[in-house]
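Heads up: the structure comes next, in structure tokens.
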Amino acid sequence: MRSSVLIHPGELSPKWIDRLSSCGISALGIHPEGGSRAAESLDRLLDGLRAPAFRALLDTAAAKGLEIEYELHAAGWLLERGLFDAHPEYFRMNAAGERTPDRNLCVSCPDALQRLATRAAGLARQLYRSGSRFYFWMDDDRDAACHCPACRQYSPSEQQLLAVNAMLSEIRKGIPDAQLAYLAYFGCVEPPRRVRPAPGVFLEYAPFEKYVSANDPGRAGLIRQEAERIPELLACFGSSGAKVLEYWYDNSLFSDWKKPPRRFTPQGEVVRREVRQYRAMGFETISTFGCYLGADYEALYGEPDLTDFAAAVAGR
Ligand SMILES: [Zn+2]
């Protein structure tokens, strides 16, 4: 089955490229840091993609047979927050009824949706050596939907899908075989019902609650719901291209997103068991974050070990 590992662009190195290609991973996922500064980290990535040294690394990865993908929290870059003063109607209404540029957008505002889509098409063209699968995720938070009177009828999942459909339609004008991920994450694990995925939209399932709410008994229901929604999500989006994005090797999560990285011990048995489960459900691609395992990690603790992941996705 297809597999990929997502790492921060600043951690990409010849070592990482060798590690992925030598153990048979299909794709290298470039993932700039998310959170409230996602737009700045995407700008830094785009600067890097114009720099010969970084392009040479990506050339090496491609020469070794790795597909290149970019997985980005992109909403704040696609619809620039600085537009708020001139166009508050582009932005979401929070639960208190106030327009705010803090996250995402108002998907019922045609100009906002068009700007998002046009910039998404421009972004797709800037992603050096990218394959035709794109990942332009919405903002990284639980409460990030628009509550305006027009958007209120749509769930967070439906709002995301309206944005994804609009972006893909624009991207496909230049890249006809483009595909775009719907990220089933936080509240968006609830399958969309009033909005249907356009052709080329594929499911990307990221079970983040399982990790961030693991020690919170009050959120056990959210973790259960996250797992239980998988069959409905696959029914809605189809298994074709469906992808899991796991956190098995996400040492940024286990380091609480603070450097220096902590020592990381892969949970090999868990990885193997869960890969088998995802495969049986019908997912075609299995990915994991592999952040905070760069040169600084190696200097402290030595080479990270991807053996269990590589073996599990190879069916060994
Ligand atoms: Zn709205």
- prompt: For the atom pair OG (S22) and CG (L20), what is the distance rounded to the nearest 0.5 Å?
  reply: 8.0 Å
field: Shortest non-hydrogen contact between C106 and C148, atoms and distance
entry: SG-SG, 3.7 Å
- prompt: Is the shortest side-chain N to carboxylate O distance from R316 to D308 below 4.0 Å?
  reply: no
query: So, S3 side chain and S287 main chain: donor-acceptor pair closer than 3.5 Å or not?
result: no
- prompt: Are any side-chain N or O atoms of S26 and backbone N or O atoms of S4, one a donor and one an acceptor, separated by less than 3.5 Å?
  reply: no
message: Check R92 with D102, please: is the shortest side-chain N to carboxylate O separation under 4.0 Å?
response: yes
message: Check for me, please, whether I175 and I68 land in the same ILVMFWY cluster - side-chain distances under 4.5 Å, paths through other members count.
response: yes
- prompt: Is the backbone of D177 close enough, under 3.5 Å, to the side chain of Q179 for a donor and an acceptor to pair up by distance?
  reply: no
- request: Using only heavy-atom distances, determine whether the side chains of Y154 and S108 contain a donor-acceptor pair under 3.5 Å.
  value: no
Path from V195 to L105 over hydrophobic side-chain contacts below 4.5 Å: yes
task: Could you label the plane-to-plane angle of the Y185 and H73 rings as parallel, tilted or perpendicular, counting under 30° as parallel and over 60° as perpendicular?
output: tilted
task: Using ring-ring contact (aromatic ring centres under 6.0 Å, His included) as the criterion, point out the one residue from Y135, F237, F134, Y182 that pairs with F202.
output: Y135
- prompt: Are E284 and R279 within salt-bridge range, i.e. N to O under 4.0 Å?
  reply: no
message: Below 30° counts as parallel, above 60° as perpendicular, anything between as tilted: where do the rings of Y211 and Y247 land?
response: tilted
- prompt: Can a salt bridge be assigned to the pair E226 and K210 using a cut-off of 4.0 Å between side-chain N and carboxylate O?
  reply: no
query: Passes side-chain contact (heavy atoms from CB on, under 4.5 Å), K64 versus I17? Steps please.
result: CA-CA 8 Å; K64 288 185 181 265; I17 293 167; 3.7 Å; yes
statement: Closest heavy-atom pair, L116 versus M138, reported as atoms and distance to 0.1 Å, is CD2-CE, 4.5 Å
task: Measure the CG-SG distance between N104 and C146 for me, rounded to the nearest 0.5 Å.
output: 9.5 Å
task: Tell me, with the steps shown, if L253 and F289 meet side-chain contact (heavy atoms from CB on, under 4.5 Å).
output: CA-CA 9 Å; L253 168 65; F289 286 100; over 6 Å; no
Backbone of F309 reached by a side-chain donor or acceptor of Y249 within 3.5 Å: yes
message: Nearest 0.5 angstrom please: I171 CD1 to T118 OG1, how far?
response: 10.5 Å
field: From L222 atom CG to D216 atom CG, the distance as rounded to the nearest 0.5 Å
entry: 8.5 Å
query: Do W16 side-chain atoms and L293 backbone N/O form a donor-acceptor pair below 3.5 Å?
result: yes
query: Got a donor-acceptor contact below 3.5 angstrom from the S41 side chain to the E33 backbone?
result: yes
- prompt: Minimum heavy-atom separation for E246 to P207, with atom names?
  reply: OE2-CG, 3.3 Å
query: How far apart are the closest heavy atoms of I25 and V5, and which atoms are they?
result: CG2-N, 4.1 Å
statement: Separation between CG (D143) and NE2 (H147), nearest 0.5 Å, reads 4.5 Å
field: F264 side, atom CZ; D250 side, atom CG - distance, nearest 0.5 Å
entry: 8.0 Å
message: Quick test of your reading of the model: are R196 and E158 salt-bridged, counting only N-O distances below 4.0 Å?
response: no
field: Greater than 12 external heavy atoms within 6.0 Å of Q153's CD
entry: yes
field: NZ or CZ of K259 within 45° of Y292 ring axis and under 6.0 Å
entry: yes
task: Take H8 and H31 through the side-chain contact (heavy atoms from CB on, under 4.5 Å) test and state the conclusion after the steps.
output: CA-CA 5 Å; H8 289 321; H31 171 67; 3.9 Å; yes
- prompt: So, do L45 and Y70 sit near enough that their side-chain heavy atoms are less than 4.5 Å apart?
  reply: yes
query: Are the side chains of Y278 and V275 in touch, meaning some heavy atoms are under 4.5 Å apart?
result: no
message: Whether E170 and R119 form a salt bridge (side-chain N of Lys/Arg under 4.0 Å from carboxylate O of Asp/Glu) is what I want to check.
response: no
message: Would you say that V201 contacts L161 through its side chain, given a criterion of any heavy-atom pair below 4.5 Å between the two side chains?
response: yes
message: Could you check whether R19 pairs with E303 (Lys NZ or Arg NE/NH1/NH2 to Asp/Glu carboxylate O, under 4.0 Å)?
response: yes
query: Considering only heavy atoms from C-beta outward, does the side chain of L78 approach that of M167 to under 4.5 Å?
result: yes
message: Students often mix this up, so state it plainly: with edges at 30° and 60°, are the rings of Y297 and Y301 parallel, tilted or perpendicular?
response: tilted
- prompt: Can you tell me if N94 uses its side chain to pair, donor with acceptor, with the backbone of G97 under 3.5 Å?
  reply: yes
message: Do the side chains of R142 and E209 get close enough for a salt bridge, i.e. N-O under 4.0 angstrom?
response: yes
query: Between R219 and S213, is there a donor-acceptor pair closer than 3.5 Å when you use the side chain of the first and the backbone of the second?
result: no
- prompt: Would you say S169's side chain and N165's backbone share a donor-acceptor pair under 3.5 angstrom?
  reply: no
message: Could you check whether R2 pairs with E69 (Lys NZ or Arg NE/NH1/NH2 to Asp/Glu carboxylate O, under 4.0 Å)?
response: yes
Pair W77, E40: side-chain N/O donor-acceptor within cut-off below 3.5 Å: no
Backbone N/O of K258 and side chain of D256: donor-acceptor pair under 3.5 Å: no
task: Check the side chains of W137 and E204 for a donor-acceptor pair under 3.5 angstrom, ignoring hydrogens and angles.
output: yes
